Structures are given as structure tokens and as C-alpha cells.
Amino acid sequence: YEEDVVFTEGIAIRSVDGASSTFITGSVTIDSVGGAPVLSGFTISGDITVWSVDSEVNDNIIDGGTLTWHYANGAILNNQFIGGSTGIALDYYASPEIAENQFSGQTDEGIHCRIGSAPHVWGNEFSAMDGYAISCSSEPLIEANTITDCNIGVGVTGEALVTGNEISGCAQAIESYDCNAEISGN
């Protein structure tokens with residue numbers, strides 16, 4: 001599909017043949033719709049933006065784009081983020097579950113969260129990052145992630161809990177500043 005996709009209802013859009021066979025060449029916007037929208041099983045070469053609705057984005061390949069999540073919860077599960085500047089950007093109190101995704105080749109961050117966002121980030125794999133694998137303020141729970149070959153593995157401010165992560169091959173494993181973060185077992 002070679003145009004932008006805009007959700008106007010809380011529907012599920014699922015590929016029948018999976019991400020390796022089904023492509024969206026354009027951006028996807030899920031904006032304040034009712035219900036619980038789902039986007040699943042596509043290779044997407046544009047950005048994805050979620051505004052003010054609890055959504056599920058799963059089993060996709062995001063090739064060079066950023067998934068931006070504003071004022072929403074929901075889940076970001078089992079996606080592959082390849083290249084681009086940032087894989088996932090959370091702001092304005094967005095607190096989704098972010099689990100079992102793969103991130104590689106981002107130039108800034110795999111996951112960046114700010115302005116009150118408190119996601120649960122667990123079971124993800126990060127590799128070959130020029131900047132941070134995970135950079136968060138506020139109160140994220142960051143646990144059981146595998147981070148390799150990044151400039152900085154995890155950077156936190158605020159009341160973060162960072163536990164049980166495997167970090168190797170990074171110039172700096174964990175950066176904590178101006179905060180009361182609890183960091184253990186990494």
C-alpha cells in the first residue's frame with residue numbers, strides 16, 4: 001500500500017501474510033479514535049503516530065521510521081525497528097508496555113521517553129546503536145532487556161527502576177543523573 005493510513009475508528013488492521021510480505025509505504029496515524037485499535041503484521045517505511053488512544057502495535061517491521069506515542073497506554077509488542085534516528089518516542093504521559101521488540105541501527109535512541117511517560121520496558125533486544133539504547137525520564141520500569149554494542153545502554157532521570165538487564169559492548173552501561181533511580185542486578 002503506497003499511501004498514508006489514518007485510523008478513524010477503533011479497528012484492527014492485520015496483515016494476512018505477515019510483515020515480510022505486506023508493506024505500507026507511508027505514515028500511519030491513530031488519532032483519538034474509540035475502541036482499541038490494532039496494527040499488526042506489516043513492514044512500514046514511514047512513521048507511526050498514536051494520539052490519545054490505547055492501542056496495540058505488534059508483529060511489524062518498522063524500517064527507518066519512528067513510532068511516536070502521545071497521551072496513550074496500550075502495548076508495543078514483538079516488532080522489529082531497523083535504522084532511523086529513534087525507534088520509539090514516548091511523551092505526554094504515554095506509558096505503554098514495550099516488550100519483546102528488536103532494535104538495531106538507530107542513530108539517537110532505541111527508546112526515548114519524556115514528559116511524564118512511565119512505560120514498562122522488558123524483554124527487548126538492542127544492538128548497534130550510535131546513541132542510547134534506552135533513554136527515559138520520569139518513572140519507567142526497565143527490566144530484563146539485552147543491550148549490546150551501544151554508546152550508552154540505559155540513561156535515566158527521575159524515579160526509574162532499572163533491573164536485570166544484560167548490557168555488554170557499550171562505552172557506558174548505565175547513566176543516571178539528577179534522579180533517585182533504583183539500579184540493581186544489571
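Keep in mind that what you see is a predicted model, and the values were worked out from it rather than measured.
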When you measure from the side chain of Asn186 to the backbone N and O of Val162, does any donor-acceptor pair fall under 3.5 Å? yes
Donor-acceptor pair, distance only, cut-off 3.5 Å: does the side chain of Asn101 make one with the backbone of Asn79? yes
Gap separating the CZ atom of Arg114 from the OG1 atom of Thr157, nearest 0.5 angstrom: 12.0 Å
Interatomic distance, CG@Asn180 vs CG@Leu161, rounded to 0.5 Å, equals 13.0 Å
Check whether the side chains of Ser40 and Asn58 place a donor and an acceptor atom closer than 3.5 Å, and report yes or no. yes
If Ile, Leu, Val, Met, Phe, Trp and Tyr residues are connected whenever their side-chain heavy atoms lie under 4.5 Å apart, and connections chain through other members, are Tyr132 and Leu67 in the same group? no
Glu100 and Asn124: which non-hydrogen atoms are nearest, and at how many Å? N-OD1, 3.3 Å
Ala181 and Val156: which non-hydrogen atoms are nearest, and at how many Å? CB-CG2, 4.0 Å
Do Phe103 and Asn145 come within less than 4.5 Å of each other through their side chains, counting heavy atoms only? no
Could you give the distance from CD1 (Ile30) to CD1 (Ile13), rounded to the nearest 0.5 Å? 7.5 Å
Is there a donor-acceptor contact under 3.5 Å from the side chain of Asp63 to the main chain of Thr43? no
Side chains of Trp122 and Glu97: closer than 4.5 Å at any heavy-atom pair? yes
At their closest point, which heavy atom of Ser137 faces which heavy atom of Pro140, and how far apart are they? O-CD, 3.4 Å
Do His120 and Leu141 have side chains that get closer than 4.5 Å, going by heavy atoms? yes
Asn73 side, atom CG; Asp54 side, atom CG - distance, nearest 0.5 Å: 4.5 Å
Pairwise side-chain contact, Leu39 with Ile44, heavy-atom cut-off 4.5 Å (strictly under): yes
Rounding to 0.5 Å, atoms CD1 (Ile167) and CD1 (Ile134) come to a distance of 7.5 Å
Between Asn60 (side chain) and Gly41 (backbone), is there a donor-acceptor pair under 3.5 Å? yes
Looking only at atom types and distance, does a side-chain atom of Glu109 sit under 3.5 Å from a main-chain N or O of Ala133, one as donor and one as acceptor? no
Would you kindly confirm whether Ile98 and Ile174 end up in one hydrophobic cluster when ILVMFWY residues are joined by side chain heavy atoms under 4.5 Å apart? yes
To check you understand the geometry: which heavy-atom pair defines the closest contact between Gly116 and Ser95, and what is its length? O-OG, 4.4 Å
When rounded to the nearest 0.5 angstrom, what distance separates SG in Cys113 from CD1 in Ile88? 10.0 Å
Donor-acceptor check, side chain of Asp4 to backbone of Ser27, threshold 3.5 angstrom: yes or no? yes
Report yes if some heavy atom in the side chain of Ser55 is under 4.5 Å from a heavy atom in the side chain of Trp69; otherwise report no. yes
Any ring pair (Phe, Tyr, Trp, His ring centres under 6.0 Å) pairs touching residues 39-67, not counting sequence neighbours? Trp51-His70
Can you confirm whether more than 12 heavy atoms, excluding those of Gln172, are under 6.0 Å from its CD atom? yes
With Cys150, which residues qualify under disulfide (SG to SG under 2.5 Å), at least two apart? none
In terms of hydrophobic clustering (I, L, V, M, F, W, Y; side-chain heavy atoms under 4.5 Å; direct or indirect links), are Ile24 and Ile48 co-clustered? yes
Keeping Ser117 on the side-chain end and Ala94 on the backbone end, is there a donor-acceptor pair under 3.5 Å? yes
Within a strict 4.5 Å, meaning less than it, do heavy atoms of the Glu182 and Thr163 side chains meet? no
Between the side chain of Asp47 and the main-chain N/O of Thr66, is any donor-acceptor distance below 3.5 Å? yes
Which heavy-atom pair separates Ser176 from Ile183 by the least distance, and what is that distance? CB-CD1, 3.7 Å
Is the shortest heavy-atom distance from the side chain of Ser127 to the side chain of Thr148 under 4.5 Å? yes
Please check if Val33 and Val50 belong to a single hydrophobic cluster, counting links between Ile, Leu, Val, Met, Phe, Trp and Tyr side chain heavy atoms closer than 4.5 Å. yes
Flag the pair Phe7 / Val28 as yes when at least one side-chain heavy-atom distance between them is below 4.5 Å, and no otherwise. yes
